[in-house]
Amino acid sequence: MYLAAQQRLAARLRAVLQQLYSVTPATLAIEQPPEIRLGEYAVPVAFELARTLRKAPRAIAAEMVAALGAVEGFASFEVAGAGYINARLDRAAAVRSLAAGVPDARAHAPGHALVEHTSINPNKAAHVGHLRNAILGDTFVRLLRATGDRVSVQNYIDNTGVQVADIVVGLENLLGLSLDGVEGWIAGLREPIDYACWDLYARTSQWYTAGSPEENAARKQLRLTTLHRLEEGGNQTAAIAERVATAIVRRHLETMLRLGIEYDLLPRESEILHLHFWDAAFAQLKEKEVLRLETAGKNAGCWVMRRAGTEPAAGEAEIDEDAKVIVRSNGTVTYVGKDIAYHLWKFGLLGRDFGYLPFFPYADHTCWITAVAGEPEHPHFGGADAIYNVIDARQSDPQANVIEAMRGLGYAEQAAHYTHFSYEMVALTPRCALELGYAVAEEDRGRAYIEVSGRKGFGVKADDLIERLLAATRAEVEARNPELGELEREQTAQQIAVGALRYFMLKFTRNTVIAFDFKDALAFEGETGPYLQYAVVRTRSIFRKAGVTPVAALAAAASPDAARYLQGEQGDSIWQVWLRAAKTGLVLQQCRETAEPAHLARHCFQLAQDFSAFYRKHHILTEEDPARKALLLATAAITEQTLVRSLAVLGMEAPDVM
RNA sequence: GCGCCCGUAGCUCAGCUGGAUAGAGCGUCCGCCUCCGAAGCGGAAGGUCGCAAGUUCGAAUCUUGCCGGGCGCACCA
């Protein structure tokens with residue numbers, strides 16, 4: 001609603017600017033006044049025109065206000081402050097439009113987006129950092145869907161990398177297991193396999209540097225040999241890796257499902273290798289001369305490309321020492337090379353496809369996994385027109401190189417729609433690390449945070465955090481709602497735990513490092529998920545007692561004399577709720593454009609705050625004026641409806657009681 | 001050395017296209033459940049927006065330099 005009115009205002013202002021002064025500004029800033037009593041929109045355009053028109057800002061603003069005339073949805077315009085043009089919405093009309101659910105016009109053509117997130121190495125349990133990735137990615141998926149896109153969700157599985165190799169080295173060499181032995185080991189585990197491998201991975205990493213120099217060299221060599229056997233496939237080592245990595249991937253999907261996070265496809269590196277995606281990409285890269293064979297210098301014998309962000313070499317024969325190696329002198333391809341091939345596939349530009357098998361069932365769809373030989377019938381994957389890679393900020397260089405390669409291949413359009421959805425890491429506060437029993441070096445104790453490390457086994461496992469949240473929410477629900485049945489209590493506790501966790505991860509903007517601490521993550525008061533859920537619970541309690549539904553309350557909001565209840569100081573606190581709700585469409589669009597879910601999280605928090613202020617000031621159930629009571633109920637209803645829908649985008653549910 | 005990110009209240013963070021008295025939560029202090037749910041609400045204290053120049057009618061926001069912190073810059077994946 002707010003957005004649509006803003007667009008009408010902007011169009012009218014442009015017409016007036018053209019008519020009065022013959023100017024057509026490239027951008028027309030429309031802001032919000034600092035206080036609700038000043039109106040809903042503020043236009044500072046008179047300030048910039050003052051110099052060129054040789055006229056005082058207030059005089060320009062006054063002329064424009066006089067020329068504006070009537071604009072649909074607006075009550076009045078006025079000059080304010082030193083020369084602002086302030087616009088007031090017709091509050092009653094806005095309420096009617098919102099209550100009727102008139103949507104804002106879509107600002108973009110719907111497309112097919114592909115979002116890749118989670119992408120945890122399948123050799124250990126998921127930790128808090130992975131939770132941030134998956135929650136950000138999943139929320140962005142929901143945001144794209146809510147604004148009209150078709151989205152497929154991919155979780156890339158690096159099942160043939162060093163991290164998996166390390167686990168296999170641990171199994172084969174530290175535990176001395178064959179493939180059968182691994183089966184027995186798995187069967188005998190007293191904890192989930194991802195937890196067992198968390199420790200084994202840390203042990204193996206340590207083992208590489210724990211022996212004599214000669215031993216360590218041999219161990220590193222063993223690691224390399226193991227990696228090559230994984231890449232080749234068709235041997236027992238690869239079979240062990242396949243067995244373990246697949247089991248761990250399944251655990252990751254289970255962990256994420258607890259938070260409502262689902263996937264459509266798991267593309268695996270093993271298929272990128274075995275289906276020779278790289279060969280197809282290499283041919284294109286050579287053809288378009290993105291790669292060149294270096295003949296001298298430190299990279300002699302390698303196929304290299306110009307590194308993103310660097311200038312092309314001066315002469316054709318010039319050696320670019322800073323170039324990025326894509327194919328090593330021994331003929332093997334680097335990770336970035338494989339990534340280029342994979343991303344060509346994402347855009348449907350590779351000319352090859354994966355095989356697909358069903359892998360993990362959800363309530364209403366199936367997650368597929370890539371395979372060399374798949375099933376003949378499968379959904380169509382890939383061929384997206386926009387892609388978003390949810391990958392932490394540390395990987396911005398490799399991501400930039402892949403984009404650079406796309407551009408070099410002439411796929412400028414696709415490169416422009418390739419978004420590295422980057423975010424900062426989750427680290428532990430020293431206090432949290434000590435609390436978990438980790439040894440913290442003296443020099444680290446004074447730091448704000450310490451980076452987690454799977455290699456060192458240093459971090460908070462996702463499932464452990466979820467369990468701690470559940471324990472806390474179960475205790476709260478039990479204390480507050482002893483009358484509830486056990487099933488309902490458990491469901492409520494889960495909704496609150498998920499809400500608390502998701503909101504915690506979403507309230508920070510992407511490029512803020514989260515210094516993780518249980519105290520903050522387990523908070524249920526203040527700016528937290530439960531605060532938002534509580535606002536919804538309160539509205540529902542009102543509707544239970546009033547004996548009406550929110551839908552009915554909204555339908556009854558169209559009272560012709562609602563206008564007078566929306567005026568004055570009393571009216572402002574009612575209108576504040578409607579205005580906030582009206583801005584939701586604008587916020588969704590901003591979140592989409594800036595790929596920043598935090599804006600929506602904060603918007604929901606503000607709406608809940610506005611509702612709390614309204615709730616304190618106006619007593620709905622005892623209101624005697626029926627027309628006014630109808631408006632108050634509708635105000636609770638628009639809060640309920642807007643919050644529930646917006647929380648759904650954040651992946652949160654509100655219980656009926658809590 | 002080069003590149004990216006960060007530096008706003010005691011702490012953790014918001015601050016959208018530069019704009020009207022710089023915001024929130026936590027913490028501290030004082031209040032509020034015989035009125036729709038206190039996972040709530042009201043109030044108080046607390047800030048040279050790292051520093052310095054510049055652009056502008058106007059800078060927390062843009063530019064440059066400096067200071068402090070973080071992360072990247074392999075023929076590893």
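Note that the structure is predicted; figures quoted are calculated from it, not measured. Proteins come first, then strands; the chains are lettered A, B, ... in the order of their sequence lines, and each starts at number 1.
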Could you check whether [Y] and [X], counting side-chain N and O atoms only, form a donor-acceptor pair closer than 3.5 Å?
X      : Y      : value
A:Y423 : A:N511 : no
A:D166 : A:T204 : no
A:T160 : A:E269 : yes
A:K617 : A:Q570 : no
A:Y418 : A:Q399 : yes

Counting only side-chain heavy atoms from C-beta out, which of [options] sits nearest to [X]?
X      : options                : answer
A:R480 : B:rA14, B:rC75, B:rA39 : B:rA39
A:K545 : B:rC6, B:rC36, B:rC75  : B:rC36
A:V162 : B:rC57, B:rC36, B:rA77 : B:rA77
A:E269 : B:rA20, B:rA77, B:rC36 : B:rA77
A:R51  : B:rC57, B:rC36, B:rA24 : B:rC57
A:L38  : B:rG37, B:rG40, B:rA20 : B:rA20
A:F524 : B:rA24, B:rG42, B:rA39 : B:rA39
A:S541 : B:rC13, B:rC36, B:rC57 : B:rC36
A:Y449 : B:rG70, B:rA38, B:rG25 : B:rG70
A:R616 : B:rC41, B:rG25, B:rA39 : B:rC41

Please work out if [X] contacts a base, only the sugar-phosphate, or nothing of the nucleic acid, heavy-atom cut-off 4.0 Å.
X      : result
A:H618 : base
A:T334 : sugar-phosphate
A:V657 : base
A:L28  : nothing
A:P33  : base
A:F508 : sugar-phosphate
A:D339 : nothing
A:V587 : nothing
A:I496 : base

Salt-bridge present (A:E232, A:R229; N to O < 4.0 Å) = no
So, does [X] get its side chain near the phosphate of [N], meaning an N or O under 4.0 Å from OP1 or OP2?
X      : N      : result
A:Y534 : B:rA39 : yes
A:R538 : B:rA38 : yes
A:T512 : B:rG70 : no
A:S612 : B:rC41 : yes
A:Y156 : B:rA77 : no
A:N299 : B:rC75 : yes
A:T509 : B:rA14 : yes
A:N511 : B:rC6  : yes

For A:H618, which of A:E623, A:K629, A:R628 qualifies under side-chain hydrogen bond (donor to acceptor under 3.5 Å, both in side chains)?
-> A:R628
When you compare [N] with [M], how far apart are their [atom1] atoms, in angstrom units rounded to a whole number?
N      : M      : atom1 : value
B:rA77 : B:rG10 : C1'   : 44 Å
B:rA45 : B:rG23 : P     : 14 Å
B:rA24 : B:rU63 : C1'   : 30 Å
B:rA14 : B:rU56 : P     : 32 Å
B:rU21 : B:rG40 : C1'   : 28 Å
B:rC75 : B:rG70 : C1'   : 29 Å
B:rG43 : B:rC6  : P     : 33 Å
B:rC11 : B:rC49 : P     : 16 Å

Short N/O separations, protein against nucleotides 71-73 of chain B, under 3.5 angstrom:
unit_1	atom_1	unit_2	atom_2	d
B:rG72	O2'	A:D397	OD2	3.4

Does NZ or CZ of A:R468 lie under 6.0 Å from the centre of the six-membered ring of A:F518, at an angle within 45° of the ring axis?
-> yes
Please say whether the positively charged group of A:R268, taken as NZ for Lys or CZ for Arg, lies over the ring of A:Y156, i.e. under 6.0 angstrom from the six-membered ring centre and within 45 degrees of the axis.
-> no
Comparing A:E31 and A:A613 on RNA chain B - which has the more 5′ nearest nucleotide = A:E31
More 5' along RNA chain B: A:Q590 or A:N481, using each one's nearest nucleotide?
-> A:Q590
Pair pattern of RNA chain B in dot-bracket, where unpaired bases get dots and | marks partners in another strand, Watson-Crick or G-U under 3.5 angstrom = (((((((..((((.....[...)))).(((((.......))))).....(((((..]....))))))))))))....
For A:H599 and B:rC16, are the ring centres under 5.5 Å apart with planes inclined under 30°?
-> no
Compute the centroid of each ring, for A:Y342 and then for A:F277, and state whether the two points are separated by less than 6.0 Å.
-> no
Ring centres under 6.0 angstrom apart (A:F516, A:Y449) = no
Might you point out which heavy atoms bring A:L49 and A:L17 nearest each other, and give the distance in Å?
-> CD1-CD2, 3.5 Å
Listed once per pair and sorted, the salt bridge (Lys or Arg N to Asp or Glu O under 4.0 Å) pairs that draw on residues 526-548 of chain A, sequence neighbours left out = A:E527-A:R602, A:R540-A:E640, A:R540-A:D656
